[in-house]
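Reminder, nothing fancy here: chain letters follow the sequence lines and each chain counts from 1. Just so it is clear, the values below take in all heavy atoms, side chains as well, and ignore hydrogens, waters and symmetry mates.
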2 protein chains.
Amino acid sequence: MYTISEISRLTDTSAHTIRYYEKEGLLYPKRQNGQRRYDDQDVTWLRFVLRLRETHMPIEQIRSYVTLFLAHGEQDTTRERLALLEAHHANVLAQLAALHETERMIAEKVDTYRRLHPTIPALDVVQSSENASVN
Amino acid sequence: MYTISEISRLTDTSAHTIRYYEKEGLLYPKRQNGQRRYDDQDVTWLRFVLRLRETHMPIEQIRSYVTLFLAHGEQDTTRERLALLEAHHANVLAQLAALHETERMIAEKVDTYRRLHPTIPALDVVQSSENASVN
DNA sequence: CTATTCCTTAGAGTGAACTCTAAGTCAAGC
DNA sequence: GCTTGACTTAGAGTTCACTCTAAGGAATAG
């Protein structure tokens, strides 16, 4: 069982943020004398949450997911959770595609600059028609 | 030459946002009777800016880049611009790696759920040790 | 000519996700 | 026994990137 400062170190996340995530309904740690205690499952889950956040899944959506998980037992929420995951999966794939395309654009511009260096004439002359100005 | 509403339509970006970008020093359109007029270069540049924003390059960094571009003529800013581009390129590559990893994690969870469906027993029993709880 | 539509500006408001402050409790080390 | 440091809470403040409002001026369609 970890204290908040321990899980903070383990996940490289401020205690402030961890408490904030709890307030937002993403975490439900045990309590000992009123203090938060986290087990390995909590650490694993927090790491997953951080992953989802890195990929810009809104906190509200993560909360929906957790809520469904907590509702399990009362009723079967597997279908809904799968739907949420699949939606975010599609989202991540779209992000990947956009990033990939932008990566290509930037790599191309970097290349253009590299070819110009160290003798730099008027830049606009050297551009392809696609990249009408280097910018 | 396009009006603000035309470039807005062309780039699928609100006129509000386009004026905001100008205020932030990302765009320098011509003026006609005080009204903004955009040429094809401006459109191309705005599209590139939108790409950079999509990949989370802060507006301030984009402004630095533009500022260097505008300073060209006074002095050679190619080296600095190359450095900025390369830094963001590294950034984008890091984002790609993170996204890719998260994509794998989510795809795995989706798979797990799919295998459980439509007969769903106690979920926690089915987990791998890595994914101690489905969550 | 007049209504509509577009434009202008400064500046206020919004929403997401933190990030920190203040005031206080509690347990461990010396 | 007291200082240090970690913990608690409610709530305020910050940052970023928009997003909109208000008040008004100019061009175009009928």
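The span of DNA chain D lying next to chain A, judged by atoms under 4.0 Å from heavy atoms, is bounded 5' to 3' by D:dA6 to D:dT9.
Proximity of a side-chain donor or acceptor of B:Asp39 to a complementary backbone N or O of B:Gln41 within less than 3.5 Å is detected. No donor-acceptor pair under 3.5 Å is formed between the side chain of B:Thr78 and the backbone N or O of B:Asp76.
Computed from coordinates, the A:Gln32 CD to C:dA27 P distance equals 11 Å when rounded to whole Å. In this structure, the CD1 atom of B:Ile18 is 10 Å from the P atom of C:dC7, given to the nearest Å. Between the C1' atom of C:dT25 and the CD1 atom of A:Ile4 lies a distance of 16 Å, rounded to the nearest Å. The distance between atom CD of B:Glu22 and atom C1' of C:dT9, rounded to the nearest whole Å, is 12 Å. When the P atom of C:dA16 is taken as reference, atom CG of A:Leu26 falls 14 Å away, rounded to whole Å. Rounded to an integer number of Å, the gap from CG of A:Leu46 to P of C:dC18 is 11 Å. In this structure, B:Gln35 places its CD atom 11 Å from C1' of C:dT5, rounding to the nearest Å. C:dT19 atom C1' lies 13 Å from atom CD of A:Glu24, rounded to whole Å.
Both A:Lys23 and B:Lys23 lie near DNA chain D, and the one whose nearest nucleotide falls closer to the 5' end is A:Lys23. Residue A:Tyr21 is the one, among A:Tyr21 and A:Asn33, whose nearest nucleotide of DNA chain C lies closer to the 5' end (criterion: closest heavy atom).
The pair B:Arg63-B:Glu60 does not meet the salt-bridge criterion, since no charged nitrogen lies less than 4.0 angstrom from a carboxylate oxygen.
Across all strands shown, B:Arg53 has heavy atoms under 4.0 Å from sugar-phosphate atoms exclusively, and none from any base.
When side chains are defined from C-beta on, B:Arg36 counts as touching B:Arg19, because their heavy atoms get closer than 4.5 Å.
No more than 12 heavy atoms of other residues, nucleotides or ligands shown are found within 6.0 angstrom of NE2 on A:His100.
Listed pair B:Thr3 / C:dC7 meets the phosphate criterion, a side-chain N or O lying under 4.0 Å from OP1 or OP2. Distances shown here put every side-chain N or O of B:Arg37 at or beyond 4.0 Å from the OP1 or OP2 atom of C:dC6.
Taken together through direct or relayed side-chain contacts under 4.5 Å among Ile, Leu, Val, Met, Phe, Trp and Tyr, A:Leu70 and A:Val49 form part of one hydrophobic cluster. Note on B:Tyr28 and B:Val43: same hydrophobic cluster, where clusters join Ile, Leu, Val, Met, Phe, Trp and Tyr whose side-chain heavy atoms are under 4.5 Å apart, directly or indirectly.
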